[in-house]
Every structure is written in structure tokens, then in C-alpha cells.
Amino acid sequence: MIEKRTPLPVGEAVKRVMDYSITSQKEYVSIEMTNNRFLAEDLVATHDVPSFDRSPYDGYAIRSVDTTGGSSSNPITLQVVGEIGAGFVFNGTVEQGQVVRIMTGAQIPNGCDAVVMLEVVRELGNGNIELKRTIKKGDNISYQGEDTKKGTVLVEKGTRINPGIVALLATFGYSQVPVAVKPKIGVIATGTELLDVDQDLEPGRIRNSNTHMIMAQIDRAGGEPIYFGKLADDFDTCFGAISEILSKVDVLITTGGVSVGDYDYMPAILKKLGSDILFNKVAMRPGSVTTVATLGQEKIIYGLSGNPSACYVGFELFVRPVLQRAMYSKKPHHSKTKAILAVDFPKPNPFMRLVRSKLSNEGSRIHVAPSGLDKSGVVSSLSGADCLMLLPGGTRGYEKGMEIDVLLLEDQQGSEWPWNNIVPSYK
Ligand SMILES: Nc1nc2c(c(=O)[nH]1)N[C@H]1C(S)=C(S)[C@@H](COP(=O)(O)OP(=O)(O)OC[C@H]3O[C@@H](n4cnc5c(N)ncnc54)[C@H](O)[C@@H]3O)O[C@H]1N2
Ligand code: MOO
Ligand SMILES: [Mg+2]
């Protein structure tokens, strides 16, 4: 008799894994290694930027009062008393009728309150310049602190570091940066049919693609995969290997063997391990057989489906947010947005469908279409997928032109909780 499983709504299943959290420690890494890592502390401005008033142009630093009344019919002559490039400071104070030749980035000399660009003055060749206009106080000055003020929290702990954040880290002198330690995730494939990537095809057998895909997904999510190879569908072999791996990692992902087939040993292995099953059936397609179990307070075991598309979706929904939150992210889930359905989905389905899809700009609207064949066992639809359509179940199907929700796979912003208010559209 086949065991009866009760399907859990997708949001409820995600909530169950999120209730069981893991947390990363902090480590310091050199700034060159920080792109895509997660900040383990708030990034606070340790000084004003710029830290001194400076020139945004190549030109002359002047006293605006000296240009009063200046015009094409009343040119003003001023005396050049110095010259500074970026990195140099003019010593002394600029007096009435004097200017300093100044280059972009150099500190404004004492006494000056504006800059005129090189293009608007005439060099008279005798150490003087001529100016045919009146300049206002403050013209062409980048003031101290106009970019950012000392003490401002510029980036919150838990934010994924991007090139702009790297620029801030450098600006404030962080040569060693506090980041979250990457969670280490064990990955293992089960399936007697599986060949290694470098093996030739044999009758009835396929190459193991799932673990390689998942390791790339772990990397994309900011974690560190540890590959434990593949196992044949044999209870004792799988039980022994999985028990041993669990002593080495806090999170283990297995693929295959979670359904009800004769060689699907994961349910029995999880039982013998004494794990608590958070769920073993989710009201979603693909990935309905996705199983998540916990062992004590410390370990999570993900039994992802063997079917490639189901495996992929199971990771993005249930593993990724756990990794992101372990690294202090406040927005650990994929972000959700609206798009216009570009094709019909006439077939109703009792479960929510998560269709691997691609967005495109059509005029002013964003359209979404499947990125390939919408079947759980399909691998080719994954390469072009940048989002998952969310088509709630129990409807009479979906029609081209309807506005639907999609989860963005490549978006770095993330969301706090995308699983509310997913509105089913009706024909
Ligand atoms: N009688 C029923 N049969 C099935 C049900 C069901 O409810 N009743 N569920 C179906 C659904 S839905 C899914 S999804 C699959 C889940 O299968 P398993 O997780 O048990 O995975 P396997 O049986 O091991 O393999 C399924 C499929 O995937 C291929 N596979 C497995 N591992 C890999 C890998 N590492 N790389 C690439 N492809 C892999 C495998 O060869 C099979 O074709 O069960 C349905 N059946
Ligand atoms: O659980 Mo299966 O992935 O629905 O096809
Ligand atoms: Mg199976």
C-alpha cells in the first residue's frame, strides 16, 4: 500500500523551512574577495565624503566677490598666484584680485568660494586671466559631506556586496571586510541510472546533471557546495553514505528517490535516521514530491526530486531563502513582480504551477512566456529561465493577456515574503 501524503500549500511549506533557521558566523576577508559576499555588519560612513571642499572641474579657484559686475563689456582681470593638481594643497590664503589654477579633485584654497572652468577664461600670458562674467558664490564647488555625511548607515548588514558597495568599502578604508561565512551545503545524487559527466552514454542510463546544477545554484545563492558524488539506488549504501555525510555538514541536499517507486529509498532513509519530516508533498508543479526533514536542532536534509525541473524549483523555493537568511539577509526570498502572460494555459491544475519562464519587453509592458517545455523531467527549459510564473491552482486555466505574478530568479534585491496575495486569474 502506497503511503498517503498530504500536499501543503507552497507558502506554508516555505514557512516551515524558514521557521527552522541556520545562522552563519562572521569572518574577515580581503576587499578583493568581497563581491557577492554578504555584509556581516552595517557599513557606516567613517568620515564625510568628500572629506574637503574640492573642485569638480579643471579651472581657476576664485573669490566670487572679485567678479562682481564682470561681463563681456566689462572684463575682469585676475592674477594667477598658484597652481594645484589633485592631491596638492595651496598653502596660504588667496587675496583680493587673485586666483589659483586648480585641477579636478584638488582642495579649494583658503579664501576662494567658487571655480570657473578653463574654457570660460582667457589666459593673457602675463600671469593674469581675463573673465567676462559675474560668478556666484559656491559655483562649481563639491562641498565636504555632499556625497555622504560621517555616521550615515550606507548599507545594512545582510546585503549582498555589489561593485558599488565594494567602492564604499574602499572609500572608508576597509581592507579587511566583515562578511558572513558561506554556509556549506553537502550535495549528493541518488540513482543507479546516473553516469558521471565524463562518461559515455550507455543503454538506459543518463548523465547526472542535477548535482552540478544545484552546485551552481548554491553558488548563485551565495553558499559553498561540497560535492559527495552519486550513489546507486541501494538502501544500505545510501543510508550509510548519508549518515556519514550528515556528520560533516549542517545542510544536505539529495536528489532523486523521494517519490513512491520501488527504488525510491529517501523516505525510508529519513525515517531510519530519526529525522522529523517538515513536509513530503507540496501543492506545486513541478516539485510536488519535494521533501524536507530536520535532524535535531542543527541539520536540514532536503530530498529534492530527481526530475531536473522539479529539483531546480525545489532549490530556489526552499534552499535559497534559508541560505540567504543564514547570511543575515532581511529579504531572503526571490522578488515578485507582475507580467503579462504571452501564451494560453488552458489546462486547469489543482496545484500551483511554477513555470520556468523568460521575461521580455513588449512596448511598455513586461511579457512572460515559458522558456521551454513545461514538464518536470525537462532540462532544456532551465537554461533560458529568468523567472518562475506563479499560476495558482484550482482555476479554469489561464489565457494570453492576463496579468500574473512571477518570481525573479536573477534579481539581487530579494523580498521579505512573496507568498501573500498571489491572485489567481480566471478565464
Ligand atoms: N506513481 C507515482 N509515480 C511518480 C509520482 C507519484 O506521485 N506517483 N511522482 C512523480 C513526480 S511528480 C516526480 S517529480 C518524480 C520524482 O521522482 P524521484 O524524486 O523519486 O526521482 P527518481 O525516481 O530518482 O528520478 C526521477 C527522474 O529523474 C531522473 N534523475 C534522477 N536523478 C537525476 C540526476 N542527478 N540528474 C538528472 N536526472 C536525474 C531519473 O532518471 C528519472 O527520470 O516521480 C514521479 N513518479
Ligand atoms: O513533483 Mo513532480 O516534480 O510535480 O513533477
Ligand atoms: Mg522515483
Side-chain angles (χ1 to χ4, degrees), residues 21-59 61 84-89 102-108 115 138-184 216-224 320-337 386 408-418:
S21 64
I22 54 166
T23 306
S24 292
Q25 300 292 311
K26 176 167 79 176
E27 66 177 339
Y28 284 83
V29 299
S30 153
I31 186 169
E32 289 77 25
M33 307 302 291
T34 54
N35 196 31
N36 282 326
R37 299 293 300 268
F38 286 72
L39 270 181
E41 286 173 15
D42 287 348
L43 198 171
V44 182
T46 52
H47 55 71
D48 288 341
V49 179
S51 52
F52 51 87
D53 293 347
R54 67 185 176 190
S55 175
Y57 293 120
D58 303 321
I84 47 170
F88 291 90
V89 174
I102 191 169
M103 298 302 126
T104 305
Q107 183 169 331
I108 303 294
V115 168
D139 272 5
N140 297 334
I141 289 186
S142 286
Y143 283 104
Q144 174 172 347
E146 75 170 17
D147 184 342
T148 191
K149 292 257 184 300
K150 180 178 177 175
T152 311
V153 175
L154 294 169
V155 189
E156 282 190 359
K157 170 181 175 177
T159 306
R160 182 194 280 258
I161 296 173
N162 63 24
I165 297 175
V166 174
L168 286 177
L169 291 166
T171 298
F172 296 112
Y174 287 85
S175 56
Q176 295 292 314
V177 181
V179 295
V181 172
K182 291 182 175 196
K184 293 184 178 50
Q217 287 176 289
I218 292 173
D219 182 58
R220 179 165 72 177
E224 188 176 318
R320 184 184 179 277
V322 168
L323 296 192
Q324 302 262 309
R325 205 195 34 203
M327 295 182 287
Y328 324 120
S329 171
K330 294 190 179 89
K331 293 182 172 179
H333 303 276
H334 284 302
S335 14
K336 189 174 66 178
T337 190
D386 56 19
L408 302 174
L409 293 167
E410 308 272 358
D411 180 66
Q412 299 294 0
Q413 193 116 18
S415 75
E416 285 175 31
W417 186 253

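Quick note: residue numbers are just sequence positions, from 1.
The shortest distance between side-chain heavy atoms of Arg160 and Ser329 does not fall below 4.5 Å. Side chains of Pro50 and Glu146 form a contact here, defined as non-hydrogen atoms less than 4.5 Å apart. With a 4.5 Å cut-off on side-chain heavy atoms, Thr23 and Tyr328 count as touching.
Heavy-atom minimum distance, Pro183 versus Ile22: CB-CD1, 4.5 Å. Minimum interatomic distance between Asp53 and Ile141 (heavy atoms only, all atoms of both residues): CB-CG2, 4.3 Å. Residue Val89 comes nearest to Gln107 through the heavy atom pair CG2-OE1, 3.9 Å, listed as atom of the first residue, atom of the second, then distance. Taking every heavy atom of both residues into account, Leu408 and Asp411 meet most closely at CB-CB, 3.7 Å. Summarising the geometry of Ser55 relative to Val115, their closest heavy-atom pair is OG-CG1, 3.7 Å, with the distance given to 0.1 Å.
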Please walk me through it: do Phe38 and Gln324 pass side chain to side chain contact (heavy atoms under 4.5 Å, CB included)? CA-CA 9 Å; Phe38 286 72; Gln324 302 262 309; 3.6 Å; yes
Does the side chain to side chain contact (heavy atoms under 4.5 Å, CB included) test come out yes or no for Arg220 and Glu410, once each step is laid out? CA-CA 9 Å; Arg220 179 165 72 177; Glu410 308 272 358; 3.2 Å; yes
Chi angles and distances behind the side chain to side chain contact (heavy atoms under 4.5 Å, CB included) call for Arg320, Gln217: CA-CA 8 Å; Arg320 184 184 179 277; Gln217 287 176 289; over 6 Å; no
Could you walk me through whether Leu409 and His334 pass side chain to side chain contact (heavy atoms under 4.5 Å, CB included), step by step? CA-CA 6 Å; Leu409 293 167; His334 284 302; 3.9 Å; yes
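Expressed to the nearest 0.5 Å, how far CG of Asn162 lies from CG of Asn35 amounts to 7.5 Å. The CD atom of Gln25 sits 14.0 Å away from atom CE of Met327, with the distance rounded to the nearest 0.5 Å. Once rounded to the nearest 0.5 Å, the distance linking NZ of Lys330 with CZ of Arg325 reads 13.0 Å. Thr148 OG1 to Leu168 CG: the interatomic distance, rounded to the nearest 0.5 Å, is 8.0 Å. For the atom pair CD1 of Ile102 and OH of Tyr57, the computed distance is 13.5 Å after rounding to the nearest 0.5 Å. Distance CG/Leu39 to CG/Leu169: 6.0 Å, rounded to 0.5 Å.
The backbone N or O of Leu154 sits nowhere less than 3.5 Å from a side-chain atom of Thr152 that would complete a donor-acceptor pair. In this structure a side-chain-to-backbone donor-acceptor pair under 3.5 Å is present from Asp42 to Lys157. In this structure a side-chain-to-backbone donor-acceptor pair under 3.5 Å is missing from Ser24 to Lys182.
For the salt bridge (Lys or Arg N to Asp or Glu O under 4.0 Å) condition, the pairs that include at least one residue of residues 25-39, sequence neighbours left out, are Lys26-Glu41, Glu27-Arg37.
Shown here is Tyr143, whose OH atom has more than 12 heavy atoms of other residues, nucleotides or ligands within 6.0 Å.
In this structure, His333 and Trp417 have perpendicular ring planes: the angle between them is above 60°, well past the 30° mark.
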Pair up each side-chain donor or acceptor in residues 174-181 with any protein partner under 3.5 Å, not counting sequence neighbours, and list the distances.
none

